[in-house]
Amino acid sequence: MSPRKPNMESTIYLGSDGWWHGRVTMGVRDDGSPDRRHRRARTEPEIKRKVKALEALRDKGRAPKAGRKPTVAGWMETYLTDIASLKLKPRSLDDYWSKTRNDIIPGVGAHRLDKLQPEHLEKMYRAMLDAGHAPSHVVKVHRILSRALKIAHRRRIIGENVATLVDPPSVDETEANPFTQEQAKAFLLAAAKRPTFMRWIVGVGMGFRQGETLGLRWSYVDLDNELFHPRWQLQRLTWRHGCPQPHACGARLHRFEPCPPNCLTHKGYTRGCPKPCPKTCTRHASTCPQRKGGGLVFTRPKTKKSQNPVPIPPPFVPHLREHKAQQVEARATAAEMWQEHDAVFTRSDGRPLDPRADWEEFKELLAEAGISDRRLYDGSRHTAGTILNELGVDLVTIMEILRHTQVSQTRRYVKGRSTLSKDAMQRMGDAFFPTAEKPTSETRTETTDSRSARARRRRRIR
């Protein structure tokens, strides 16, 4: 009778099938049964190496949990539904879901989580770049996947986060293109002809984000103390199914075949024909009778710093009071058609301004003012930060006005002007080679200089 092996000691033996087998005791499963892992190899040295590697992971507490590992697609759904949804803001969660459905699952979704290799990710990133995606888009996908794999590694579902072994594409920072002071005046002059004039005054003159501007509410506007309290922002969120069977709910809208080359149905779509639905499609929630969580929604800003009060320039206050009086008249005219949302900037029926229509109006105003095309962010926050810098405001104060958490972030919003650089170098030149003082227009008929002083001055000039 062979002596009993000590607890947690592994077993290695040659099986009748000609393979070497190793059995490693890892601990106890969730149901209380022993957790014994199996390894197999052709030679004894190879099986010993595999057993020792598994024992090392066990002793360090890094061994993956027992059971069949999920696929990348299955884990991403679990991560976004049960883990990320507890921490992320609604808009960020929508973005995570979008990139998971459109990029991660088609690229590496079929791989088992513990079989995923760095080469799989690099191949997916290469295909995304070849398909025309910007490097910044690929980097966002990499960060989402890396975060999900980090949680899986932390919970010992996998032994290593392979995303840390991959270098995503390099991203060139987008250069800011703010308005000059003359362009800002021309833009606001064009906006003065529209009822949304005050919306652009606040956006361009105070550097508010689009969502913050459209989400301003009168309850958080203190005209007496000249303060804005940006406690809310307006965002468009993706609808979610409220019914128990999302796939069946959107059955009439499912399209499993791609559109023909000369599709007339989606001719006016700016992004072209939509992609075919997957076989288990659960989208089309906008038509669900029990839909929830979508449409235009007032949400809290992303950071606490973003909710800090912002002083209103005193010249803006009379115009804001006039705007408020005009809104009272519009409410009386609309009568029962008015939908009260307490929003500062509204449509004719009281509903908040649509961000899509707001963006289109910005592009129209650029054309009317004769300004080259640029991002909405350039015409608001970058413009405000740059003009404040030109007016001599220090970076720390600009950081407080724009509600950034770090000065380094504010520096990216402030673009230096050639006129300021030229003035600075003029002062540098004057420091080394002082210019002669301009002669005064006063005429003197007498002089108090002595003859010797005049002689010394002539010698010095020679």
Side-chain angles (χ1 to χ4, degrees), residues 1-84 86 100 103-127 141-168 280:
M1 181 177 178
S2 61
R4 180 179 177 181
K5 290 183 175 292
N7 289 336
M8 307 298 288
E9 185 172 342
S10 303
T11 301
I12 296 176
Y13 60 92
L14 178 62
S16 59
D17 56 356
W19 287 77
W20 284 89
H21 298 266
R23 303 283 179 177
V24 183
T25 302
M26 306 298 294
V28 181
R29 296 176 182 268
D30 294 337
D31 59 1
S33 61
D35 181 8
R36 295 272 289 176
R37 308 286 177 90
H38 174 249
R39 292 293 183 268
R40 188 177 70 160
R42 281 293 185 186
T43 63
E44 186 177 7
E46 187 179 358
I47 192 61
K48 287 182 177 180
R49 180 184 59 80
K50 288 186 176 183
V51 168
K52 286 183 179 180
L54 189 56
E55 288 176 341
L57 289 176
R58 177 196 65 191
D59 297 339
K60 294 178 181 179
R62 294 175 51 195
K65 289 185 177 181
R68 185 173 178 83
K69 301 299 181 284
T71 62
V72 174
W75 172 246
M76 289 303 301
E77 184 173 355
T78 300
Y79 167 69
L80 294 177
T81 304
D82 301 331
I83 303 172
L86 302 177
T100 298
D103 300 306
I104 295 177
I105 292 178
V108 295
H111 290 283
R112 248 177 55 183
L113 211 56
D114 57 335
K115 301 295 183 182
L116 189 65
Q117 298 296 322
E119 295 78 14
H120 299 147
L121 303 187
E122 291 166 346
K123 184 178 180 181
M124 178 179 70
Y125 299 158
R126 181 71 264 165
V141 171
H142 173 77
R143 289 173 179 170
I144 294 170
L145 184 57
S146 178
R147 178 63 182 172
L149 294 177
K150 180 180 179 181
I151 299 297
H153 179 231
R154 185 185 297 170
R155 299 188 178 191
R156 295 187 298 171
I157 299 174
I158 54 176
E160 185 177 25
N161 179 1
V162 297
T164 60
L165 307 177
V166 178
D167 292 328
T280 58

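In this chain, residues are counted from 1 in sequence order.
- Take R112 and apply the salt bridge (charged side-chain N to carboxylate O under 4.0 Å, His left out) test, not counting sequence neighbours, and it matches D114.
- Atom CZ of R39 is separated from atom CD of E46 by 12.0 Å, given to the nearest 0.5 angstrom.
- The closest donor-acceptor contact from the side chain of H120 to the backbone of Q117 lies under 3.5 Å.
- Looking at heavy atoms from C-beta onward, R23 lies out of side-chain contact with S10 at the 4.5 angstrom threshold.
- For CZ of R155, the number of neighbouring non-hydrogen atoms (other residues, nucleotides, ligands) closer than 6.0 Å is 12 at most.
- Applying the ring-ring contact (aromatic ring centres under 6.0 Å, His included) rule to Y79 yields no partners; only residues at least two apart in sequence or on another chain are considered.
- Closest heavy-atom contact between R36 and T11: NH2-OG1, 4.0 Å.
- To the nearest 0.5 angstrom, R126 atom CZ is 13.0 Å from M124 atom CE.
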Discussion item. The test is side-chain contact (heavy atoms from CB on, under 4.5 Å); show your working for V72 and I105 and say whether it passes.
Written reply: CA-CA 7 Å; V72 174; I105 292 178; over 6 Å; no
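- Using a 4.5 Å heavy-atom cutoff, the side chains of V108 and K123 are not in contact.
- Between the side chain of W19 and the main chain of L14, no donor-acceptor pair closer than 3.5 Å is present.
- One finds the CZ atom of R147 at 4.0 Å from the CD1 atom of I151 (value rounded to the nearest 0.5 Å).
- In this structure, K50 contributes its side chain and A41 its backbone to no donor-acceptor pair below 3.5 Å.
- Applying the salt bridge (charged side-chain N to carboxylate O under 4.0 Å, His left out) criterion to R143, with sequence neighbours excluded, gives no partner residue.
- Not counting sequence neighbours, the partners of E44 by the salt bridge (charged side-chain N to carboxylate O under 4.0 Å, His left out) test are K48.
- Here the shortest heavy-atom pairing between G109 and T71 reads O-CB, 3.5 Å.
- In this structure, E160 CD and L165 CG are separated by 5.0 Å, a value rounded to the nearest 0.5 Å.
- Pairing each heavy atom of P70 with each of I157, the nearest pair is CD-CG2, 4.2 Å.
- The shortest heavy-atom contact between V51 and G22 is CG2-CA, 4.0 Å.
- Remark: A163 engages L121, H142, S146, L149, N161 in a side chain to side chain contact (heavy atoms under 4.5 Å, CB included) (not counting sequence neighbours).
- Residues that satisfy the side-chain hydrogen bond (donor to acceptor under 3.5 Å, both in side chains) test with D17, not counting sequence neighbours, are H21.
- With values rounded to the nearest 0.5 angstrom, D167 atom CG is found 10.5 Å from Y125 atom OH.
- One distance of note links OG1 of T100 with CE of M76; it measures 3.5 Å at 0.5 Å rounding.
- Counted by atom type alone, T25 and E9 present zero donor-acceptor pairs between their side chains at under 3.5 Å.
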